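Residue numbers count from 1 along this sequence. Order of listing sets the numbers, starting from 1, for every ligand and every atom in it. Not measured: the values here are computed from a predicted model.
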Amino acid sequence: MRKIVISGNWKMFKTQAESEDFLRGFLPTLEETPHDREVVLCVPFTDLNVLSKNLHGSRIHLGAQNVHWEESGAYTGEISAPMLTEIGVRYVIVGHSERRQFFGETDQTVNLRLKAAQRNGLTPILCVGETKKQRDTGETELVISEQIKKDLVDVDQENLVIAYEPIWAIGTGDTCECLEANRVIGLIRKQLSNPNVPIQYGGSVKPNNIDEIMEQPEIDGVLVGGASLEPASFTRIVNFK
Ligand SMILES: O=C[C@H](O)COP(=O)(O)O
């Protein structure tokens, strides 16, 4: 039985004060949320500690947006898995397209980060996806299958979430057709040795398309950027029908 995982990715948004404001609006609404789904908030490093304290006893799981592959060392600007787990972090996004595009993340470093996360008991959310150009030239399947193959070398598939995020759909309002997202996610699943890995869709997920997305049989959840920043829209998303 595959787990349903609904994750918010705040990217580089929200100060600590703003994250506390969000929780004041969002936490009470969770009482109505069905228990068949896991709710995760992946927030900036500076917000992790304050959220960890405020989330104590709630059903929200805390997530980070990056993790280094060493436990400690001279790596200015990086953060290690033990530093995250110490404050109650359970999930970490690895290989988001914004990291690959703007910060030189490669399949090799993604692979190292995935293994470090798992070694320390974190559940990584591995992001894969094709560019508009790759889609237009018919390379989607090849690009995704290469990313999965290279990123998952020696990675434990028992403690893993994958997010299929077509890059052209991120932050554009140009959501991937549900049937197409379902098809690509089905192809990803065929490549895995563990058929129970939850696979999310990400890219312009909003209150008005969440129900249709979650009706697709291969889609086990969503990774939400912009619409996770407001309590009202994220509440509607976690309460998909
Ligand atoms: O990690 C989240 C994705 O990049 C999607 O962002 P978005 O929902 O703002 O399109």
Side-chain angles (χ1 to χ4, degrees), residues 4-14 18-19 22 26 37-45 47-48 51 60-67 84 89-103 105 110 113-114 117 122-132 134-135 140 143-144 147-148 151 160-178 180-182 184-185 188 198-214 216 219-240:
I4 296 172
V5 186
I6 309 294
S7 318
N9 174 13
W10 283 359
K11 306 193 178 184
M12 198 175 72
F13 291 99
K14 290 198 191 296
E18 288 165 345
S19 67
F22 174 93
F26 182 65
R37 54 205 73 177
E38 200 146 302
V39 181
V40 182
L41 277 177
C42 300
V43 304
F45 293 135
D47 294 339
L48 286 171
L51 258 73
I60 301 179
H61 297 287
L62 196 55
Q65 300 172 13
N66 193 19
V67 64
L84 296 174
V89 174
R90 291 269 311 277
Y91 283 85
V92 62
I93 296 173
V94 176
H96 192 282
S97 60
E98 287 151 13
R99 302 280 328 158
R100 295 181 194 251
Q101 186 182 351
F102 302 125
F103 301 100
E105 194 79 78
V110 165
R113 292 184 204 274
L114 289 172
L122 289 165
T123 300
I125 302 174
L126 164 65
C127 299
V128 296
E130 81 285 1
T131 62
K132 177 85 173 79
Q134 289 163 337
R135 172 156 286 263
T140 300
V143 169
I144 303 294
Q147 285 178 338
I148 292 288
D151 295 351
L160 176 70
V161 174
I162 295 176
Y164 168 55
E165 294 208 310
I167 296 170
W168 48 272
I170 295 176
T172 58
D174 196 7
T175 322
C176 185
E177 289 288 326
C178 292
E180 175 58 8
N182 188 66
V184 176
I185 288 175
I188 293 173
I199 309 183
Q200 302 173 310
Y201 166 76
S204 297
V205 175
K206 305 285 177 206
N208 64 6
N209 58 25
I210 183 65
D211 294 336
E212 193 187 352
I213 291 169
M214 290 306 298
Q216 306 307 314
I219 301 183
D220 304 318
V222 283
L223 180 57
V224 188
S228 70
L229 293 169
E230 293 301 327
S233 52
F234 199 48
T235 295
R236 175 62 186 88
I237 288 170
V238 300
N239 286 307
F240 71 86

TODO: In sequence, state the C-alpha distance, the side-chain angles, and the governing distance for E165 and H96, and then conclude on side chain to side chain donor-acceptor pair (under 3.5 Å).
DONE: CA-CA 9 Å; E165 294 208 310; H96 192 282; 3.1 Å; yes
- [ ] Identify, for atom 2 (C) of ligand 1, the protein heavy atom at the shortest distance, and state residue, atom and that distance.
- [x] E165 OE2, 3.1 Å
- [ ] Output the list of atoms in ligand 1 that are nearer than 4.0 Å to some heavy atom of L223, sorted by atom number.
- [x] 1 (O), 2 (C)
Open item on the list: Can you give me the closest heavy-atom contact between L229 and K14, atom names plus distance?
Closed with: O-NZ, 2.9 Å
- [ ] List every atom of ligand 1 that sits less than 4.0 Å from any heavy atom of G226, numbering the atoms from 1 in the order shown and giving each element.
- [x] 7 (P), 8 (O), 9 (O)
Open item on the list: Between R100 and D151, is the salt bridge (Lys or Arg N to Asp or Glu O under 4.0 Å) condition met? List the steps.
Closed with: CA-CA 12 Å; R100 295 181 194 251; D151 295 351; 2.8 Å; yes
- [ ] Give a yes/no on ligand 1: does K11 have at least one heavy atom closer than 4.0 angstrom to it?
- [x] yes
- [ ] Please say which of L122, I93, N66 ends up in a side-chain contact (heavy atoms from CB on, under 4.5 Å) with R113.
- [x] N66
Task: Ligand-side contact atoms (ligand 1) for residue partner S204, heavy atom cut-off under 4.0 Å - done: 7 (P), 8 (O), 10 (O)
- [ ] Give yes or no for whether the N/O distance cutoff of 3.5 Å, strictly under, is met between T172 and ligand 1.
- [x] no
Open item on the list: What I want to know is whether G202 and ligand 1 share at least one N or O pair that is separated by under 3.5 angstrom.
Closed with: no
Open item on the list: Angle between ring planes, W10 versus F22, binned at 30° and 60°: parallel, tilted or perpendicular?
Closed with: perpendicular
Task: Q101 CD to E105 CD distance, which is reported to the nearest 0.5 Å - done: 13.0 Å
Open item on the list: Using a 4.0 Å cutoff against the non-hydrogen atoms of N9, which atoms of ligand 1 qualify?
Closed with: 1 (O), 2 (C)
Open item on the list: Would G203 count as a contact residue for ligand 1, given that I'm defining contact as a non-hydrogen atom of the residue lying under 4.0 Å from a ligand atom?
Closed with: yes
Open item on the list: Check this for me: does any side-chain nitrogen of one of D174 and K132 sit under 4.0 Å from a carboxylate oxygen of the other?
Closed with: no
Open item on the list: Which residue and atom name correspond to the protein heavy atom nearest atom 8 (O) of ligand 1, and how close is it?
Closed with: G225 N, 2.9 Å
